[in-house]
Amino acid sequence: MSDAAAVVGRPDARVGRQTWRTAWRNTFPFLVVAALWEIVAWLGVFPRQLFPPIEDIAARFVSLTASGILEHHTVDTVLRLLAGFGLAAVFGVAIGVAMGRSRRAEDILLPLISIVAPIPGLAYAPLFLLWFGLGNLPSILLVGFVSAFPVIFNSWTGVKAVKEIWLRSAQAMGADDRRLFRQVILPGALPYILTGLRLGLAQAWRILIAVEMLAAVPWGLGWLIFGARKFLDTDAMMSGIVIIALLGLALEKFVFKKIEDYTVVRWGMVK
Amino acid sequence: MVPIEISGVTLTYDTPSGKVPGVKDISVAIKPSEFVCIVGPSGCGKSTLLNMIAGFLTPAEGEIRIDGKKVDGHGLDRGMVFQDFAQLFPWRTALGNVCFGLEMKGVPKDEREKIAREQLRLVKLEKFCSSYPHHMSGGMQQRVAIARALAYNPSVLLMDEPFAALDALTRDDMQRLLADVWRETRKTVIYVTHNVSEAVYLADRVLVMSPHPGTVKIDLPVTLPRPRDPLSIEFIEHQKILLDHLGHAAGGGAQTQHA
């Protein structure tokens, strides 16, 4: 009994120390940057209004949050992001998989997509604004359009990379086309599809923040940051940027990481 | 009744440098529950023949009948085990993999899991039902593959060098296990290998194939009592006979493939 307790007890302490060390290693670079920021702010290289010290930003962050303004901006941005990225995910996976499965779809779509994909998404923004007016619609559509490309490319590659032997085994066991697709091709292509979705989401963020600055939306983090420049309100700008960073981190850690751990990592398809 | 009847089967491959004969005019009849090994040098068409029986390839001439029914594409009357460990679906547990064929057949969940557990017990993996393939050794994965091919109860088991990528010790274990599984299930087995001692250990009958074009050179029955002792004189005699034939099959070159 006591032996077992000793054996269990010691690694526990070690694990605890390990966690602290990891936490420290992760926060250390932030502390360095924060310290540098403070030094530059207090040296007065820029006027305080243009380069506020962290305590000013924090105070503004708290007051903006307390008044509900920051939340409103955040919710609007997140809704647009989800709508746009949702479109990209659905259509991107569908198109990519179709290209991977059908020679004809590949022949028709690949040249088109290869030409359109490398164009920076923001280049389409004025067109979308002219076609769809101002506000939510052009923003969401542009986000969907631009972030669909990495999803398409990776889904296409993923379907092509599905191992021949899986298909053969499944066919030998009597899988018809529909079940071959659902039970073999989709899970087989999943590591690539998830990579595509992750890249697509990063793309969606970039284009959304930019287009919010142009589309005259009444609320949104991009608009908060852009609008604040008129009042030299750098505290509000920084607050918006912090929220974007936190949201990006949360999506990565609590959505993508979790999905991956539950699927492709658990299956040993991705180390 | 003859469960497998291969009559006058010919297949040529179209390559950029012209037609290459794969197999030519092969006729073989296989009895129920017979364990047939096909051996031969690389390129003799043994895998081609197996793939035609499996329905992955269609013969240009001749036909293959299983239980009187002409082979046309895949069918649940045949189970297939490949050499590649990657044949298992990594996103399914051992149990999920074994269930696959039953799922395609429309067997209800409870029943197929019961059958799958039974099959995994047969290959001595009942403790690993919920393990994913990447947590298993190569030998274990091949055992799951055998259980998976047997689960939907095909009358014929087709095996394409299933143990060739395993280390020698594991391979010996697997051969013993397969012999046990075969004794218990009484399936007809067609087993492709280039390992002569494996063929003598497992087979009721060994077909030696020779290349250019692929034909069955001799058809050698192995009547040694089971379980077989690979160190017995008779076993080694059989190996020697096969190696002699293979030596000729490979074009007179000395065949030095020992297990």
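Only a predicted model underlies this, so the values are computations on that prediction, with no experimental measurement involved. Side-chain atoms are counted along with the backbone in the values below, which use heavy atoms only and exclude waters and symmetry mates. So you know, we letter chains A, B, ... as the sequences are listed, proteins then strands, and number each from 1.
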Quiz prompt | Contacting region of Val264(A) [heavy-atom separation from chain B under 4.5 Å] | solution = neither
Self-check item: Contacting region of Gln183(A) [heavy-atom separation from chain B under 4.5 Å]
Solution: both
Can you measure from [atom1] ([X]) to [atom2] ([Y]) and round to the nearest 0.5 angstrom?
{"X": "Phe89(B)", "Y": "Met269(A)", "atom1": "CZ", "atom2": "CE", "result": "11.0 Å"}
{"X": "Trp91(B)", "Y": "Thr263(A)", "atom1": "CH2", "atom2": "OG1", "result": "12.0 Å"}
{"X": "Lys163(A)", "Y": "Asp84(B)", "atom1": "NZ", "atom2": "CG", "result": "7.0 Å"}
{"X": "Met104(B)", "Y": "Met173(A)", "atom1": "CE", "atom2": "CE", "result": "8.0 Å"}

Quiz item: side-chain hydrogen bond (donor to acceptor under 3.5 Å, both in side chains) with Lys105(B): which residues, sequence neighbours excluded?
Solution: none
Under 4.5 Å from any heavy atom of chain A - which part of [X]:
{"X": "Ala54(B)", "answer": "neither"}
{"X": "Asp77(B)", "answer": "neither"}
{"X": "Leu158(B)", "answer": "neither"}

Flag yes if more than 12 heavy atoms outside [X] fall under 6.0 Å of its [atom1] atom; otherwise flag no.
{"X": "Asp110(B)", "atom1": "CG", "result": "no"}
{"X": "Asp72(B)", "atom1": "CG", "result": "no"}
{"X": "Phe91(A)", "atom1": "CZ", "result": "no"}
{"X": "Tyr192(A)", "atom1": "OH", "result": "no"}

Practice problem: Examine distances only and state if a side-chain atom of His134(B) and a backbone atom of Arg266(A) form a donor-acceptor pair shorter than 3.5 Å. | Solution: yes
Quiz item: Closest heavy-atom contact between Phe56(B) and Ala172(A)?
Solution: CZ-CB, 4.0 Å
Quiz item: Between Ala86(B) and Trp166(A), which heavy-atom pair has the shortest distance, and what is it?
Solution: O-NE1, 2.7 Å
Self-check item: Working for side chain to side chain contact (heavy atoms under 4.5 Å, CB included), residues Asn51(B) and Arg168(A)
Solution: CA-CA 11 Å; Asn51(B) 279 320; Arg168(A) 282 182 149 228; 3.5 Å; yes
Practice problem: Run the numbers on Phe100(B) and Val184(A) for side chain to side chain contact (heavy atoms under 4.5 Å, CB included), then give the verdict. | Solution: CA-CA 10 Å; Phe100(B) 191 90; Val184(A) 182; 4.0 Å; yes
Self-check item: Option in Arg78(B), Met80(B), Arg148(B) with maximal non-hydrogen atom pairs under 4.5 Å from chain A
Solution: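 Highest number of pairs under 4.5 Å: Arg148(B).
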